[in-house]
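Down below is the structure, laid out as structure tokens.
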Amino acid sequence: MAETSRPAGPAILAQNQYGKAENRVVRITRDGATHHIKDLNVSVTLSGDMDDVHYSGSNAHVLPTDTTKNTVYAFAKRYGIESAEQFGIHLARHFVTSQEAIRTARIRIEEYAWDRIGAEDGGHSFVRKGQEVRLSQVFYDGTSWQVVSGLGDLVVLNSTDSEFWGYAKDEYTTLPEAYDRVLATEVNARWRYGWTGEADAPDWDASYAATRRHLLEAFAGTYSYSLQQTLYEMGARVIGERAEIDEIRLSLPNKHHFLADLTPFGLTNDNEVYLAADRPYGLIEATVLREGREAAIPVDLTNL
């Protein structure tokens, strides 16, 4: 491509990207009387040879964001939606290989689950699940792939088997030690696959379901002396049980449950009545890696 001339002055263009955010697409597959729903929120981010449009306003290398939106819907028809990850792979490959100016594509997907009403194995009536949101991000630069999956807003609680004591104290410490407490959190997790595009891809849906199950089983099965310990056990369980995953990052806000003071009413509170406080909250975060791998998931999960 021709070299782009920039205006005179000390300013130069640095990292830049563009795309169409939050394309809501619902794909209904009709298998006779049995219907299946895939409900996605797809965001497309593209980057590459975009100096001209910033320096001079020339749109010669710009694929309109409206086109990227249309591609999402067309691909939902053309390829169906086998899984969020596979759908993102189709889109990322298309944008990078079909437009010379586009060098990288990042596809972020939220998936919303639906349960059947009535017949479990058939029918056409559904109710939106009130649990977690499934997340996926696919990055492709023409030669290498990175697939990061995850979930958010999955609220869990252990009503016992949790303690918190023996911590550091100073003149501002007022928190009483707890030897039997409620432990609750909202699981936000991202895990990175070792898949590079060369070997067969994992079964994305099966991997998601198994990873979710391991996270929940580790949370429920850990006698916890700190939320940090529980977090590590959750991450280590996934790394130990899912060979296709190289890294997992967990962000666990502590959903504090404080014993309500019932003494003004002449009542004893024997770990029965709690005040559920939504803020402020402790925020525990960490990455668990497969030995020999390097971390690649950003510390800040806000835009991942």
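Index from 1, following the sequence. Side chains are part of it too, since the values below use all heavy atoms of this structure and drop only hydrogens, waters and symmetry mates.
Under the 4.5 Å side-chain criterion, counting only non-hydrogen atoms from C-beta, V182 is in contact with L157.
Of the possible polar contacts, none joining the Q146 side chain to the W195 backbone as a donor-acceptor pair under 3.5 Å is found. Formation of a donor-acceptor pair under 3.5 Å by the D31 side chain with backbone atoms of H35 is not found in this model. H257 contributes a side-chain N or O that, together with a main-chain N or O of K255, makes up a donor-acceptor pair within less than 3.5 Å. Under a 3.5 Å cut-off, the side chain of R30 and the backbone N or O of H36 do not form any donor-acceptor pair. In terms of modelled atom types and a separation under 3.5 Å, the side chain of S207 and the main chain of D203 share no donor-acceptor contact.
Here the straight-line distance linking atom OG1 of T263 with atom CZ of F265 works out to 8.0 Å at 0.5 Å rounding. For the atom pair S136 OG and E85 CD, the distance stands at 4.0 Å (nearest 0.5 Å).
Residue R212 is tested with E217, E241, E132 for a salt bridge (charged side-chain N to carboxylate O under 4.0 Å, His left out); the sole match is E132.
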Output, in order, the C-alpha distance, side-chain angles, deciding distance and verdict of salt bridge (charged side-chain N to carboxylate O under 4.0 Å, His left out) for R237 and E233.
CA-CA 6 Å; R237 171 76 170 263; E233 292 295 335; over 6 Å; no
Using the rule given for salt bridge (charged side-chain N to carboxylate O under 4.0 Å, His left out), can you reason through E247 versus R290, listing the C-alpha separation, both sets of side-chain angles and the distance that settles it, and then say yes or no?
CA-CA 6 Å; E247 173 186 8; R290 185 173 302 282; over 6 Å; no
Run the salt bridge (charged side-chain N to carboxylate O under 4.0 Å, His left out) check on K38 and D205 step by step: do they pass?
CA-CA 12 Å; K38 283 288 188 178; D205 282 348; 3.6 Å; yes
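Residue E171 places its CD atom among more than 12 non-hydrogen atoms of other residues, nucleotides or ligands, all under 6.0 Å distant.
Under 4.0 Å is where a charged nitrogen must lie from a carboxylate oxygen, and between D39 and R24 at least one such pair does. Using a cutoff of 4.0 Å between basic side-chain nitrogens and carboxylate oxygens, E244 and R192 are not scored as salt-bridged. A salt bridge is defined here as a Lys NZ or Arg NE, NH1 or NH2 lying under 4.0 Å from an Asp or Glu carboxylate O, and D153 with R134 fails to meet this definition.
Taking the centre of each ring, W145 and Y193 stay at or above the 6.0 Å mark.
Tracing side-chain contacts under 4.5 Å through hydrophobic residues (I, L, V, M, F, W, Y), one reaches V238 starting from L154; they form part of the same cluster. No chain of hydrophobic side-chain contacts below 4.5 Å, direct or via other Ile, Leu, Val, Met, Phe, Trp or Tyr residues, connects F139 to I297.
Taking the six-membered ring where tryptophan is involved, the planes of F75 and Y79 are perpendicular, since the angle between them exceeds 60° and thus also 30°.
Note that K69 lies outside the cation-pi zone of Y73, set by a 6.0 Å cut-off to the ring centre and a 45° limit from the axis.
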